[in-house]
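Here is the naming used below: chain letters follow the sequence lines, and residue numbers restart at 1 for every chain. The shown structure was predicted, so the numbers you read here are calculated from the model rather than taken from an experiment.
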Amino acid sequence: MKELNKQQIIWQVIASIPKGKVCSYGQVASLAGLANHARYVGSTLKKLPSGTQLPWHRVVNAKGELSFPPNSPAYQEQKKRLETEGICFIKEKIALATYAWKP
DNA sequence: ACGTTGACCTTCG
DNA sequence: TCGAAGGCCAACG
């Protein structure tokens, strides 16, 4: 098939994340072929369509926390979704064992 | 076509 | 151990 766009690749990588697991932007970027382009991953996800079914909530920063401010509705919503997925939250942060280093 | 921004990561102090 | 600064690429205005 033709070369997928950067966004498409990122979508595939995020979609490859197993349920109950999360992945950091750097890891997603690496799997997407963008080794040091974690920023681009976030920017791309932000521009995602509202109807996207991508588990973008499984993508977190290297600090093991969500990239949104704690007072942001998206933060609470994402956290709630992760809990539903079975993610273990520790002090507003995600357990290291919850990271899916493998697609 | 250029400049600025960005849901970040890594390293130095 | 914690805090701050720099740097990578791509897309938007």
The criterion is side chain to side chain donor-acceptor pair (under 3.5 Å); which residues satisfy it with A:E65, sequence neighbours excluded? A:Y75

By side chain to side chain donor-acceptor pair (under 3.5 Å) - contacts of A:E77 (at least two apart): none

Please identify each residue that fulfils side chain to side chain donor-acceptor pair (under 3.5 Å) with A:S30, with sequence neighbours left out. none

Hey, could you give me each pair passing salt bridge (charged side-chain N to carboxylate O under 4.0 Å, His left out) that has a residue in residues 32-54 of chain A? Not counting sequence neighbours. none

With sequence neighbours left out, what residues match A:E85 under side chain to side chain donor-acceptor pair (under 3.5 Å)? A:R58

Between protein and nucleotides 7-11 of chain B, what N or O pairs are separated by less than 3.5 Å?
unit_1 : atom_1 : unit_2 : atom_2 : d
B:dA7  : OP1    : A:K46  : NZ     : 2.1
B:dA7  : N7     : A:K46  : N      : 3.2
B:dA7  : N6     : A:L45  : O      : 3.4
B:dA7  : N3     : A:Y25  : OH     : 2.8
B:dC8  : N3     : A:R39  : NE     : 3.1
B:dC8  : N4     : A:R39  : NH2    : 3.2
B:dC9  : OP1    : A:A62  : N      : 2.5
B:dC9  : OP2    : A:A62  : N      : 3.0

